[in-house]
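Beneath this line is the structure, given in structure tokens, with notes to follow.
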Amino acid sequence: MTATTHTLASGPGWRVTDVICTAGAGDRPFEEAHQDFCVAAVTSGTFRYRAQQGTAMLAPGALLLGNSGTCYECGHEHGSGDRCLSFHFGPSYMERIVAGVPGARKLAFATPRLPPLPVLAPLLADAEAARETADIDAFEELSLRIAGAAVTAAAGTTHVRRAPSRRDQKRVAGAVRRIELAADGPVSLSALADETATSPYHFLRVFRQVAGMTPYQFLLKTRLHRAAVRLHMSDEAVSAIAFEAGFNDLSTFNRRFRRVMGETPGKYRARRGAMGVRVS
């Protein structure tokens with residue numbers, strides 16, 4: 001086998017895998033079939049991709065596009081090995097995404113790839129960072145964002161966003177309250193969307209527009225804020241505070257806390273403790 005596939009996360013209608021291929025110029029191109037729709041972000045290496053839509057060279061930053069039920073072939077005559085973050089979507093799941101993208105008409109990609117577009121760069125960086133830090137909870141949201149961005153770019157349309165309706169604002173307000181109530185446990189984007197009677201992609205798009213951040217970003221902000229307050233007011237162990245706030249891994253909590261607060265949880269607590277002594 002020249003390729004290994006590791007599933008990073010999955011849910012109803014979607015799946016994310018880390019695919020590492022070691023094939024080189026001496027290996028024959030291999031043909032496979034896309035069982036579902038596929039949007040694969042190339043993170044390293046180059047290869048030739050031939051599909052029903054045509055043939056293209058894939059390089060880091062590009063998106064491979066595959067249609068459900070079609071065959072494809074990959075070749076490495078110009079270099080050895082590659083690595084991709086591969087997002088897979090069932091037809092019914094993808095149909096709902098396409099329906100939520102203004103200007104998109106067809107449930108099929110007409111091109112085999114999207115080049116490394118500047119507009120996609122921040123999103124692909126988020127996805128690769130999630131892979132490297134094992135941020136499994138981020139992938140449901142990232143999958144929707146990747147699929148929506150690919151459909152939008154492939155459709156070649158631009159859209160001026162309309163202001164969110166009062167109904168959408170009410171939906172987002174309800175979702176915010178729901179996240180706040182359940183922030184210490186798992187929060188599913190699909191479940192939040194179901195509670196607002198909208199598709200996950202539409203819900204994600206409207207939530208970002210109304211709240212100024214994605215549901216997962218709001219969840220992390222809520223967890224980190226509560227952890228910071230506990231660090232300031234209690235002598236509990238940092239690990240206990242992290243787990244009670246909803247983080248399943250202490251290293252992940254430490255990394256995210258430092259990124260947002262500018263210092264480690266221990267230094268944050270020590271500095272505020274010292275400040276408290278000076279004030280009294």
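What you see is a predicted model, and the numbers here were worked out from it, not measured in a lab.
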Between T264 and N254, does a side chain to side chain contact (heavy atoms under 4.5 Å, CB included) hold up when you go through it step by step?
CA-CA 6 Å; T264 65; N254 288 335; over 6 Å; no
Which is it for E236 and R230 under the side chain to side chain contact (heavy atoms under 4.5 Å, CB included) test, yes or no, and what are the steps along the way?
CA-CA 8 Å; E236 290 182 88; R230 294 283 292 278; 2.4 Å; yes
Between R258 and E263, is the salt bridge (Lys or Arg N to Asp or Glu O under 4.0 Å) condition met? List the steps.
CA-CA 5 Å; R258 184 173 183 176; E263 56 191 339; over 6 Å; no
After noting the C-alpha distance and the side-chain angles of R177 and E180, does the key distance pass the salt bridge (Lys or Arg N to Asp or Glu O under 4.0 Å) rule?
CA-CA 5 Å; R177 289 193 295 271; E180 288 182 315; over 6 Å; no
Might you work through the salt bridge (Lys or Arg N to Asp or Glu O under 4.0 Å) test for R226 and D184, ending with a clear yes or no?
CA-CA 10 Å; R226 292 178 180 177; D184 58 347; 5.8 Å; no
When you look at V16 and S86, which way does the side chain to side chain contact (heavy atoms under 4.5 Å, CB included) test go after all the steps?
CA-CA 6 Å; V16 186; S86 191; over 6 Å; no
Checking side chain to side chain donor-acceptor pair (under 3.5 Å) for the pair R145/T214: CA distance, chi angles, key distance, verdict?
CA-CA 10 Å; R145 293 172 62 194; T214 70; 5.5 Å; no
Output, in order, the C-alpha distance, side-chain angles, deciding distance and verdict of side chain to side chain contact (heavy atoms under 4.5 Å, CB included) for T17 and L8.
CA-CA 5 Å; T17 60; L8 300 175; over 6 Å; no
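Between D18 atom CG and T7 atom OG1 the span is 10.0 Å, to the nearest 0.5 Å. To the nearest 0.5 Å, atoms CZ (F47) and SG (C74) are separated by 5.0 Å. The distance from the OH atom of Y268 to the CG atom of L231 is 7.0 Å, given to the nearest 0.5 Å. With rounding to the nearest 0.5 Å, the separation of CG in L65 from CG in L63 is 6.5 Å. Here the CG-CG distance, from L117 to L120, works out to 5.0 Å after rounding to the nearest 0.5 Å. Separation of atoms CG (N67) and CZ (F37) is listed at 5.5 Å; rounding is to 0.5 Å.
The existence of a salt bridge linking E73 and R48 is confirmed by a sub-4.0 Å separation between a basic side-chain nitrogen and an acidic carboxylate oxygen.
Clustering ILVMFWY residues whenever any of their side-chain heavy atoms sit less than 4.5 angstrom apart, transitively, puts V176 in the very cluster that holds L219. Residues L64 and L107 fall into different hydrophobic clusters, defined by Ile, Leu, Val, Met, Phe, Trp and Tyr side chains chained together at heavy-atom separations under 4.5 Å. A chain of hydrophobic side-chain contacts below 4.5 Å, direct or via other Ile, Leu, Val, Met, Phe, Trp or Tyr residues, connects M261 to F218. Note on L192: it clusters hydrophobically with W14, by side-chain heavy-atom contacts below 4.5 Å among ILVMFWY residues. Linking Ile, Leu, Val, Met, Phe, Trp and Tyr residues whenever their side-chain heavy atoms come within less than 4.5 Å leaves L85 and V42 in two separate clusters.
Across all non-hydrogen atoms, the minimal contact from A127 to L142 is CA-CD1, 3.9 Å. Residues S234 and R269 approach most closely at O-NH2, 2.9 Å, considering heavy atoms. S44 and P60 get closest at one heavy-atom pair: CA-CG, 3.9 Å. Annotation for S143 and F87: closest pair OG-CD2, 3.4 Å, computed over non-hydrogen atoms. Considering every non-hydrogen atom in both A56 and R113, the closest pair reads CB-CG, 3.4 Å. Between V119 and P122, the shortest heavy-atom distance links the atoms O-CD, 3.8 Å.
Within the 4.5 Å cutoff, side-chain heavy atoms of L250 are placed close to those of V238. When side chains are defined from C-beta on, D36 does not count as touching M94, because their heavy atoms never get closer than 4.5 Å. The shortest distance between side-chain heavy atoms of C21 and R83 does not fall below 4.5 Å. For the pair E140 and S190, the minimum side-chain heavy-atom distance is below 4.5 Å. Using a 4.5 Å heavy-atom threshold, the side chains of D168 and H202 count as touching. For the pair E32/C71, no side-chain contact is recorded, criterion being any heavy-atom separation below 4.5 Å from C-beta on. Residues T252 and R255 are in side-chain contact: their nearest non-hydrogen atoms beyond the backbone lie under 4.5 Å apart. Between T55 and P112, every side-chain heavy-atom pair lies at or beyond the 4.5 Å cut-off.
Side-chain atoms of Q35 and S68 include no donor-acceptor pair closer than 3.5 Å. Between D27 and H76, the side chains place no donor N or O within less than 3.5 Å of an acceptor N or O (distance only, hydrogens not considered). For Q53 and T111, the side-chain atoms include no donor-acceptor pair closer than 3.5 Å. For the 3.5 Å distance criterion, the side chains of H6 and T4 fail to qualify, holding no donor opposite an acceptor.
Residues passing the ring-ring contact (aromatic ring centres under 6.0 Å, His included) test with F203 are F207, sequence neighbours excluded.
With a 6.0 Å radius and a threshold of 12 heavy atoms from other residues, nucleotides or ligands, Q52 has its CD atom at or below the threshold. Within 6.0 Å of CG in N248 there are 12 or fewer heavy atoms belonging to other residues, nucleotides or ligands.
A centroid separation of less than 6.0 Å is found between the aromatic rings of Y72 and H34.
Proximity of a side-chain donor or acceptor of T22 to a complementary backbone N or O of T2 within less than 3.5 Å is detected. For R223 (side chain) and A183 (main-chain N/O), a donor-acceptor pair under 3.5 Å exists by modelled atom type.
Ring geometry for F253 versus F257: interplanar angle of 30 to 60°, hence tilted.
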